[in-house]
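Right, one structure below, let's go through it.
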Amino acid sequence: VSTHPSGGNVIAFGTLLIVFPELAASTESVAALRKHGHDVLGAESVADALALLEEHSIDVVIADSDAFGLEVIERTQAVTPGTGVILLTADPTRATALEAFRAGALEYTRHPDPGDELLDLVERALCRTRRAARTDNERDEPILRLGALVTASPPMQKILRLIQRISESDASILLTG
């Protein structure tokens, strides 16, 4: 979740693939990502992840670096070169971070809290992945979602930001038009 200059929270959503040896350990993170509009798939092995990458249009892969190392990056890029990869680790070191970035990781970091820290990490990765994949004919605006409302239109994005700000207060409102 990022704060727009207008003060509202803006959420760019996407399809994510979480690759952890024990998916049950990541249920809190999956729930947080889904709550904020992301479609989340899970795999417990690199082979399962590759099958999902071939079946679905995945924006970002989030993988446990301690369990799978750089194999996730290499295999993901071989199957779907435009898919971003975030590697999470319990113990980040400078040497492994350099290896991860050289292999093509968008992020290499300690396992984040399943709240705002994880959402910020995912949003940054989505923005970078989409910016890299953007062609001249595509829009510059991210897709925004607030509940069931989804838009890429700048005027509607402004309205969604306003709705988000208002929803956080106890103010009564009247919508017309």
Side-chain angles (χ1 to χ4, degrees), residues 1-2 10-92 96-115 117-145 147-152:
V1 177
S2 67
V10 177
I11 301 168
F13 68 97
T15 302
L16 312 174
L17 172 59
I18 295 183
V19 187
F20 279 70
E22 294 182 29
L23 283 174
S26 64
T27 55
E28 196 175 343
S29 296
V30 170
L33 292 166
R34 285 184 175 150
K35 178 183 175 188
H36 286 86
H38 299 287
D39 293 324
V40 183
L41 303 171
E44 292 185 336
S45 70
V46 175
D48 292 344
L50 292 174
L52 289 170
L53 281 165
E54 290 175 353
E55 293 173 19
H56 301 275
S57 178
I58 306 293
D59 296 305
V60 174
V61 173
I62 304 168
D64 185 333
S65 175
D66 301 327
F68 304 113
L70 302 179
E71 182 182 9
V72 172
I73 298 173
E74 295 161 356
R75 306 275 305 268
T76 297
Q77 289 179 346
V79 175
T80 55
T83 301
V85 178
I86 298 171
L87 290 181
L88 304 179
T89 182
D91 186 30
T96 54
L98 287 173
E99 285 180 46
F101 288 122
R102 285 183 184 136
L106 291 177
E107 299 277 350
Y108 177 83
T109 187
R110 184 177 309 276
H111 288 274
D113 294 328
E117 188 178 355
L118 174 62
L119 294 168
D120 287 342
L121 184 68
V122 167
E123 184 172 331
R124 281 195 316 268
L126 284 168
C127 288
R128 290 197 335 220
T129 299
R130 289 177 179 153
R131 186 172 36 241
R134 189 176 298 132
T135 64
D136 294 335
N137 298 334
E138 292 180 314
R139 297 175 174 263
D140 288 339
E141 302 87 13
I143 296 173
L144 302 181
R145 180 178 194 154
L149 302 174
V150 179
T151 185

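Residue indices begin at 1 and follow the sequence shown.
Of the inter-residue distances, the one linking Ser65 atom OG with Glu107 atom CD reads 13.5 Å to the nearest 0.5 angstrom. In this structure, Leu33 CG and Thr15 OG1 are separated by 11.5 Å, a value rounded to the nearest 0.5 Å. Put simply, OG1 on Thr80 and CG on Leu52 are 11.0 Å apart, with the number rounded to the nearest 0.5 Å. Leu118 contributes atom CG, which lies 5.5 Å from atom CD1 of Ile62 (distance to the nearest 0.5 angstrom). Note that CG of Leu41 and CD1 of Ile18 are 9.5 Å apart. Values are rounded to the nearest 0.5 Å. To the nearest 0.5 Å, the span separating CD on Gln77 from CG on Leu70 amounts to 10.5 Å.
Between Thr109 and Leu121, some side-chain heavy-atom pair lies under the 4.5 Å cut-off.
Under a cut-off of 6.0 angstrom, the local environment of CD in Glu55 is crowded, with over 12 non-hydrogen atoms contributed by other residues, nucleotides or ligands. Counted within 6.0 Å of CD on Glu117, heavy atoms from surrounding residues, nucleotides or ligands total more than 12; the atom is thus considered enclosed.
Taking both residues in full, the closest heavy atoms of Val19 and Ala49 are given as CG2-CB, 3.7 Å, listed atom of the first, atom of the second, then distance. In terms of heavy-atom proximity, Asp91 sits nearest to Tyr108 at O-OH, 4.4 Å. In this structure, Leu106 and Ala125 approach most closely via the heavy-atom pair CD1-O, 3.7 Å. The two atoms that bring Gly14 and Leu126 nearest to each other are N-CD1, 3.9 Å, heavy atoms only. Nearest approach of Val72 to Ala63, heavy atoms of both residues: CG1-CB, 3.7 Å. Nearest heavy atoms, Val40 versus Arg34: O-NH2, 2.7 Å.
The backbone N or O of Thr89 sits nowhere less than 3.5 Å from a side-chain atom of Asp66 that would complete a donor-acceptor pair.
Among Leu16, Ile86, Leu17, Leu87, the one residue that satisfies the side-chain contact (heavy atoms from CB on, under 4.5 Å) test with Val61 is Leu17.
The aromatic rings of His111 and Phe20 sit tilted relative to each other, their planes meeting at an angle between 30° and 60°.
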